[in-house]
Asker: 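So that we are looking at the same thing, I have put the structure below in structure tokens.
Order of the sequence lines sets the chain letters (A, B, ...), proteins ahead of strands, with each chain counted from 1.
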Amino acid sequence: MLPSKALEQRLQTAVLAVLPEADVTTVLVRPCQDTKFGDYQTSALMALAKARKMNPRQLATDVLAKLDVSDLCAKTDIAGAGFLNFFLKPEVLQDTLLGAVQGKHLFFAKAEQPKTVVIDFSSPNVAKPMHVGHIRSTILGDSLARAFRLLGHNVITDNHIGDWGTQFGMLLLGWKTMLDKAALETDPIAELERIYKQLSADCKADESKLEAAKQELVKLQAGDEENLGIWREMIALSQNQFDTIYGRLGVKFDHVLGESFYNPRLKSVVEELKTKGIAKESDGAICVFSDGSVPQKEDPFLIQRDGEWNANPCLIQKSDGAANYATTDLATLEYRLETWSPDKIIYVTDGRQQLHFRQVFSVFRRWRPEVKVQVEHVWFGAILGDDGKPFKTRSGDTVKLSDLLDEAEERSFKTVNEKSADLDEVTRKEIARVVGIGSVKYQDLMPNRQSDYVFSWDKMLALNGNTAPYLLYAYTRIRSIFRKAAEQGVVVAPGATIHLKAADELALAKQLLNFGFVLEGLVDECRPNYMCNYLYDLAGLYARFFENCPVLKAEEPERSSRLLLCEVTAKVLKQGLEVLGIETTEKM
RNA sequence: GCACUUGUAGCUCAACUGGAUAGAGCGUCUGACUACGGAUCAGAAGGUUCCAGGUUCAACUCCUGGCAGGUGCACCA
């Protein structure tokens, strides 16, 4: 067991011995912010003391009296207002590192109670190019899936693609009247986009076109064979595009169930909500109104206008009888519950949909009060251009994801050519791919997901600072040592152990032990930026070690000890980057 | 108007259940150097954490009230 976990368990037992009625789930052991205080600390005793009007230092003393950690710690002390600090024995630290070398663990423990987690992300639209708007959902969702999986949870990723809706009326009419077959052959998505834009403009100018488009939609919805065939072909063409992009990004889905998949369920969802008295008719539409169960301020079905609270209903059926977004989401929820019995469902979308999800979740709770599933909207902010407005091309169009990835690789290739002209072209291209794609991902994951960020090629590809190239470089420097070692015939001595003496060695080692805390934090709050910050710190600590502690030039047994430390650092860096969906490269 | 959200160094961003002296990069200034990969490292300067109250042993973090930006608010998803 990891020393921090063992400490935590024993601490909780000791607290129970002193305060039998205490809730010890909040009694957690964390790494010390500043290692001068110790290696691990708990600040939970102060909170417990406060709730009981006890003297916090006295409580800490009492708990310490019941706590035997002499096999793990060289020292414990009570500091400040009632912090309990733990100083790990050097041999415990060293054995833990050695355990990682031997592949027994990588500084984290799998979840004791694995959960089934459905993650809904990316959700591109059929017949439209994937653009920057899809990047955050795709990359964030993929990273969350990777982190949950690593901790042993049963993850189901589901791409809820937009394959149904009013836009197909125009697409179908366009397909029949203005399709350029040759253009469809060379670039299907561009051609679909063209006919959609053209018809959309035509419909605005010409009522009869709009009517014709509506008729096509009605035919599709009624199951017209010709229209269904065209619709299926549009989906297939789009799926090719999605597959190409996801392939480049290294993103995989367990399921791709578009909106249309839930069509057969929509009617019964509406009926059930009506029967249960949750939804009712209003202005021809079927809506869910407030049930007054929460304070007005927190009620997603109320809104204040001119000092008065007005209804802000959630529509589940339009006055024309068609279902809408909320209905599909409810049907989707129902399907997921039936099919996978998840403990948790995560929706990764942009922040503008907060109200929508609050409403959907609220309707769901009223509809299925007995279901325990945890539903969570993990939202994110916008990607902005230099001007502080949503990121667009110079001409004002949305930036296509494929173009963006191309440019990332091209720019990265330029740098590789400058810095590593000696490598052959295939290798240089491959490095450029890893660094380019990795940089786009890292820039996206590094900021707090809820804040908007400014897209910058220069920053994301910078060789210094909290960027993918910096981390990848740190990794290649480690790999380089091992290449050099092999050239010189240097190997780790059989049975070698790790002995940490230098301050930079110790600091690096302790950071390695914290990997698990970061993973758990990431999963708890769905914030991959925790991992970014951790890896950046790790790379910085490694750089200092690298500068001040010679490895190959050291005498045995120090050389083997340091080689092992390098090896574990590389493992953690690689694993951490993998959680972010970023590949590594041996050379740069 | 109401809700959500953001406001931290000149700029871009961090800050782990409320926790110990608020940290990085860029930019500015200074240093290390034929280097286990310099795509590096070390150091300096730079802060009333938007403002005003409150809770607490302890507040960037929680509460109340302002100010400023972003987003959303009935038949688009």
Asker: Any N or O donor-acceptor pair under 3.5 Å from the base of rU5(B) to the side chain of S451(A)?
Answerer: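 No such pair is found, so the answer is no.
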Asker: Count the heavy atoms belonging to other residues, nucleotides or ligands that lie under 6.0 Å from NZ of K587(A), then report whether that count exceeds 12.
Answerer: no
Asker: Y536(A) has a side chain; which of rA24(B), rA39(B), rC2(B) sits nearest to it?
Answerer: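 Comparing rA24(B), rA39(B), rC2(B) against the side chain of Y536(A), the answer is rA24(B).
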Asker: Which sits closer to the 5' end of RNA chain B, T26(A) or R544(A), going by the nucleotide each is nearest to?
Answerer: T26(A)
Asker: Taking distance alone, no hydrogens or angles, what donor-acceptor pairs closer than 3.5 Å link side-chain atoms of residues 377-392 of chain A to residues at least two apart or in another chain?
Answerer:
| residue | atom | partner | partner atom | Å |
| --- | --- | --- | --- | --- |
| H377(A) | NE2 | T349(A) | OG1 | 2.7 |
| W379(A) | NE1 | Q354(A) | OE1 | 3.4 |
| D387(A) | OD1 | K389(A) | N | 3.0 |

Asker: Taking the C1' atom of each, how far is rC26(B) from rA35(B), in whole Å?
Answerer: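 Looking at atom C1' only, rC26(B) and rA35(B) are 25 Å apart.
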Asker: Look at all strands and tell whether D422(A) reaches a base, only sugar-phosphate, or nothing, counting heavy atoms closer than 4.0 Å.
Answerer: nothing
Asker: Does the separation of the ring centres of Y347(A) and F357(A) fall below 6.0 angstrom?
Answerer: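 Between F357(A) and Y347(A), which both carry aromatic rings, the centre distance is below 6.0 Å.
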Asker: So, using side-chain hydrogen bond (donor to acceptor under 3.5 Å, both in side chains) as the criterion, who are the partners of Q167(A) when residues are at least two apart?
Answerer: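 For Q167(A), no residue satisfies side-chain hydrogen bond (donor to acceptor under 3.5 Å, both in side chains) once neighbours in sequence are set aside.
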Asker: I need the CD-C1' distance between E298(A) and rU5(B), as an integer number of Å.
Answerer: 16 Å
Asker: If a protein heavy atom is under 4.0 Å from the base, mark B; if only from the sugar-phosphate, S; if neither, -; do that for nucleotides 64-77 of chain B going 5' to 3'.
Answerer: ------SSSBBBSB
Asker: Assign a letter to each nucleotide of nucleotides 29-37 of chain B from its 5' end: B, base within under 4.0 Å of a protein heavy atom; S, sugar-phosphate only; -, no contact.
Answerer: -------BB
Asker: Mind listing the side-chain donor-acceptor pairs of residues 48-55 of chain A below 3.5 Å, one per line with the distance, residues two or more places apart or on another chain?
Answerer:
| residue | atom | partner | partner atom | Å |
| --- | --- | --- | --- | --- |
| R52(A) | NE | E21(A) | OE2 | 2.8 |
| R52(A) | NH1 | L48(A) | O | 3.0 |
| R52(A) | NH2 | E21(A) | OE2 | 2.9 |
| N55(A) | OD1 | R57(A) | N | 2.9 |
| N55(A) | OD1 | Q58(A) | N | 3.3 |

Asker: Restricting to pairs with a member in residues 446-460 of chain A, which pass salt bridge (Lys or Arg N to Asp or Glu O under 4.0 Å), not counting sequence neighbours?
Answerer: none
Asker: Going by salt bridge (Lys or Arg N to Asp or Glu O under 4.0 Å), name the pairs with one or both residues in residues 307-319 of chain A, residues two or more places apart or in two chains.
Answerer: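 Listed once each, the pairs would be none.
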Asker: Measure the distance from CZ on R30(A) to C1' on rA15(B) and round it to the nearest whole Å.
Answerer: 15 Å
Asker: Where do N or O atoms of nucleotides 54-57 of chain B meet protein N or O atoms at under 3.5 Å, pair by pair?
Answerer:
| residue | atom | partner | partner atom | Å |
| --- | --- | --- | --- | --- |
| rU56(B) | O3' | K50(A) | NZ | 3.1 |
| rU56(B) | O2' | K50(A) | NZ | 3.2 |

Asker: N464(A) has a side chain; which of rU17(B), rG25(B), rA15(B) sits nearest to it?
Answerer: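 Looking only at side-chain atoms, N464(A) lies closest to rG25(B).
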Asker: Kindly compute the distance separating CG (L84(A)) from CG (L11(A)), expressed to the nearest 0.5 Å.
Answerer: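 Separation between the atoms: 6.5 Å.
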Asker: Please check: side-chain N/O of S412(A) versus main-chain N/O of A432(A), any donor-acceptor pairing under 3.5 Å?
Answerer: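 Confirmed, S412(A) side chain pairs with A432(A) backbone.
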Asker: Counting heavy atoms from C-beta on, name the nucleotide in rC41(B), rA39(B), rA14(B) closest to the side chain of N533(A).
Answerer: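 Among the listed nucleotides, the one closest to the side chain of N533(A) is rA14(B).
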Asker: Determine which pairs satisfy ring-ring contact (aromatic ring centres under 6.0 Å, His included) with at least one residue from residues 471-490 of chain A, sequence neighbours left out, and list them in order.
Answerer: none
Asker: Say you pick atom C1' in rU61(B) and the same atom in rU6(B); how far apart are they, in whole Å?
Answerer: 14 Å
Asker: Starting at CG of L84(A) and ending at P of rG19(B), how long is that distance when rounded to a whole Å?
Answerer: 17 Å
Asker: Could you tell me the separation between the CD atom of Q443(A) and the P atom of rA14(B), rounded to a whole number of Å?
Answerer: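 For the pair Q443(A) CD and rA14(B) P, the rounded distance is 12 Å.
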Asker: Taking 4.0 Å as the cut-off, does a side-chain nitrogen or oxygen of Y470(A) come that near to OP1 or OP2 on rC41(B)?
Answerer: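 Answer is yes, contact under 4.0 Å.
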Asker: Considering residues at least two apart in sequence or located in another chain, which fulfil the side-chain hydrogen bond (donor to acceptor under 3.5 Å, both in side chains) criterion with E193(A)?
Answerer: none
Asker: Which part of the nucleic acid, if any, lies within contact of N448(A), taking any heavy atom under 4.0 Å across all strands shown: a base, the sugar-phosphate backbone alone, or nothing?
Answerer: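 Counting heavy atoms under 4.0 Å across all strands, the contact made by N448(A) is with sugar-phosphate only.
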Asker: On RNA chain B, check which nucleotide each of V454(A) and W309(A) is closest to and give me the residue with the more 5' one.
Answerer: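 The 5'-side residue here is W309(A).
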Asker: Output every pair passing ring-ring contact (aromatic ring centres under 6.0 Å, His included) with a member in residues 289-314 of chain A, not counting sequence neighbours, ordered by first then second residue.
Answerer: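 Matches after skipping sequence neighbours: none remain.
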Asker: Taking the same atom, P, in rG65(B) and in rC41(B), what whole-Å distance lies between them?
Answerer: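 Their P atoms lie roughly 47 Å apart.
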Asker: Using purine N1 to pyrimidine N3 plus N6-O4 or O6-N4 for Watson-Crick, or N1-O2 and O6-N3 for G-U wobble, both under 3.5 Å, which nucleotide pairs with rA39(B)?
Answerer: none
Asker: So which nucleotide does rC4(B) pair with, by the Watson-Crick or G-U wobble rule with both distances under 3.5 Å?
Answerer: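 Pair assignment: rC4(B) / rG70(B).
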Asker: What's the CZ-P distance between R57(A) and rA58(B), to the nearest Å?
Answerer: 16 Å
Asker: Does anything in residues 282-299 of chain A form a salt bridge (Lys or Arg N to Asp or Glu O under 4.0 Å)? List the pairs, not counting sequence neighbours.
Answerer: D291(A)-R366(A)
Asker: For rA14(B) and rU40(B), measure between their C1' atoms and round to the nearest Å.
Answerer: 23 Å
